[in-house]
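Along the sequence shown, the residues carry numbers beginning at 1.
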Amino acid sequence: MQEPDFHGRTRVLIVGGGLGGCAAAMACTSLGVPTLLAIDPDEWLGGQLTAQAVPPDEHRWIEHQGCTRRYRLLRDSIRDFYRRYYPLTDAARAEPYLNPGGGWVSGLCCEPCVALNVLESMLAYPQMRGDLKIWRMFPIDADTGGDRIRGVLFQAPELNATFFVEADYILDATETGELLPMAGVEFVTGAESQRDTGEPHAKPEAEPHNMQAFTWCFAMGYDPDGDYVGSKPHGYDFWKAYQPPFWHAPFFSWTDVNPITLEPRRLSLFGEDGTPAMFRYRQIVNPDLYPPDRAPRPVTIVNWPQNDYFLGNLYPPAGAEKHAIDWEQARKARELSECLLYWLQTEAPRPDGGVGYKGLHLCPDIVGTTGIFGGFAQAVYVRESRRIKARFTILEQHVSAECRPGATLAEPFPDSVGVGHYRIDLHPSTGGDNYIDIATLPFQIPLGALIPVRVRNLLPACKNIGTTHITNGCYRLHPVEWNIGESAGLLAAFCVLRGVEPHQVYETPALLEAYQNLLRDQGVQLEWRF
């Protein structure tokens, strides 16, 4: 490892400022444990909710249970922000379950910039108190010895300097699990074999480079009287003609694949012919909530089947594992999204027999990007991270409704550190697989999935826990990622204050009970209440 320009030390180091990292920081500092949160210099706090511009995918009980107290505070504060600062109608302001965007993917479709404001406010108090420092820098190496990580080396571009930060506990809250290869932590990527996991939908042989599609989302508004068509993007002719082997029509069309049945499914932009309206799918600005003279134009987030990128792998090839992602593949994902927007503006069939919606346009302010890519998210949406090899791995058999006939809940875990629910939702993969979309039962998050098989002082804090390629599909969404980060943060703080290690908490009933009591006191739900 190179000699750093500066050294520092903290009790808990959190690398990555996504939802898991933010939740972990709040959890650690709530117990007065000094914490450093290292975030990407070029991205907003909040990960998939903000920098990646993905409205929250949540389960149907979210308004009443199935998330932590802090996650509920985040949701309530977003609604209150709209009530306080936006010129809503009285009826909209009085709606207890206000959905600011009106999108049908979630009961809380909001602008990424609003979610950012709320997250920054939630993190402001521990910063003022002195328990939390937030530095903008990215990891470039780690110093390890035996089964422990001494610290992480960072590059701070604005200061043109390197920092080495030592810590008692290090939480990997990166979107890609990028600390794992840096620190020599055992990890898994891609699809496991059915021989190893016994999962009904696993591959016959392991395919480490077979992962879910990734997506470069963008914020798209509509002005029916406007013309925002620009020049044809590079690669447009390829994408216009492209048809995946498992698709029923050209990729750029109003026919896609039903994720559950795999049958053809008809779509439309605004639902004119009674088909699902894609504009309303992830709509984040709803003019109907405002007085007519103050109503904004509608805005949606385009995270659609047609801009899922699966023609290349996001993770670097063998020998380049210390790089977070393959930026060339990420660039191609953004190019696909550029091409989709151009197709929508110029060639998408309209119900009146015409083609193209010239009034569609990018909305830079909502996602905080400028220049030629203004309106595109700050970062690519990553569905599948590197995952630790854990003391316990969550399998399809634990959560699938098909695997547990007659059950109402998933496999009970006595070491639960939280709960969640979402379908096993695998998008088309870089290995050429179609959707895998399977019903699940309300599940728990087992502590064993947060404990690496060997390393003693690193914890996963987002979608890099001990799941498989299959079960990652239901543990990767917003409230579960938050819960994982919050529970990991509380575990690190618990260990600092008790002078114990996470492996000991997992293996010692008395310590596990004390830790779970702390989780309950902090508002982390450990069991479903039906």
Quick one: does [X]'s side chain have a donor or acceptor within less than 3.5 Å of a partner on [Y]'s backbone?
{"X": "R387", "Y": "I465", "answer": "no"}
{"X": "T215", "Y": "C217", "answer": "no"}
{"X": "R282", "Y": "V105", "answer": "no"}
{"X": "T471", "Y": "I394", "answer": "yes"}
{"X": "Q444", "Y": "L526", "answer": "yes"}
{"X": "N99", "Y": "C109", "answer": "yes"}
{"X": "T275", "Y": "G271", "answer": "no"}
{"X": "S106", "Y": "P56", "answer": "yes"}
{"X": "N517", "Y": "E513", "answer": "yes"}

If the plane angle is over 60° it's perpendicular, under 30° parallel, otherwise tilted; pick one for [X] and [Y].
{"X": "W254", "Y": "W304", "value": "tilted"}
{"X": "Y357", "Y": "F270", "value": "perpendicular"}
{"X": "F413", "Y": "H398", "value": "perpendicular"}
{"X": "W247", "Y": "F310", "value": "tilted"}
{"X": "W61", "Y": "H421", "value": "perpendicular"}

Do the charged groups of [X] and [Y] touch, with an N to O distance under 4.0 Å?
{"X": "E481", "Y": "R476", "answer": "no"}
{"X": "R70", "Y": "E486", "answer": "yes"}
{"X": "D425", "Y": "R423", "answer": "no"}
{"X": "R75", "Y": "E58", "answer": "yes"}
{"X": "D521", "Y": "R69", "answer": "no"}
{"X": "R79", "Y": "E63", "answer": "yes"}
{"X": "E527", "Y": "R520", "answer": "yes"}

### Query
Can D308 and R383 be said to form a salt bridge (charged side-chain N to carboxylate O under 4.0 Å, His left out), step by step?
CA-CA 11 Å; D308 272 0; R383 292 184 177 86; 3.1 Å; yes
### Query
Yes or no on side chain to side chain contact (heavy atoms under 4.5 Å, CB included) for V299 and I366, after CA distance, side-chain angles and deciding distance?
CA-CA 9 Å; V299 179; I366 281 178; 3.8 Å; yes
Would you say that more than 12 heavy atoms from the other residues, nucleotides or ligands in this model lie under 6.0 Å from the [atom1] of [X], or not?
{"X": "Y125", "atom1": "OH", "answer": "no"}
{"X": "F530", "atom1": "CZ", "answer": "yes"}
{"X": "R294", "atom1": "CZ", "answer": "no"}
{"X": "R84", "atom1": "CZ", "answer": "no"}

### Query
Does the side chain to side chain contact (heavy atoms under 4.5 Å, CB included) test come out yes or no for I445 and N483, once each step is laid out?
CA-CA 9 Å; I445 306 166; N483 194 150; 3.7 Å; yes
### Query
Which is it for D223 and H361 under the side chain to side chain contact (heavy atoms under 4.5 Å, CB included) test, yes or no, and what are the steps along the way?
CA-CA 8 Å; D223 171 7; H361 60 89; 4.3 Å; yes
### Task
Test R404 against E411 for salt bridge (charged side-chain N to carboxylate O under 4.0 Å, His left out), laying out the working first.
CA-CA 8 Å; R404 294 176 59 78; E411 180 81 16; 3.0 Å; yes
### Option passing side-chain contact (heavy atoms from CB on, under 4.5 Å) with I284 (candidates V114, V367, I301)
I301
### Query
Looking at F373, does the NZ or CZ of R334 lie under 6.0 angstrom from its six-membered ring centre and within 45 degrees of the ring axis?
yes
### Message
I want to check something: taking the side chain as every heavy atom from C-beta on, are L426 and D437 in contact at a cut-off of under 4.5 Å?
### Response
no
### Task
Check the pair I62, Y97 against side chain to side chain contact (heavy atoms under 4.5 Å, CB included), reporting the backbone distance first and the verdict last.
CA-CA 11 Å; I62 192 66; Y97 300 133; over 6 Å; no
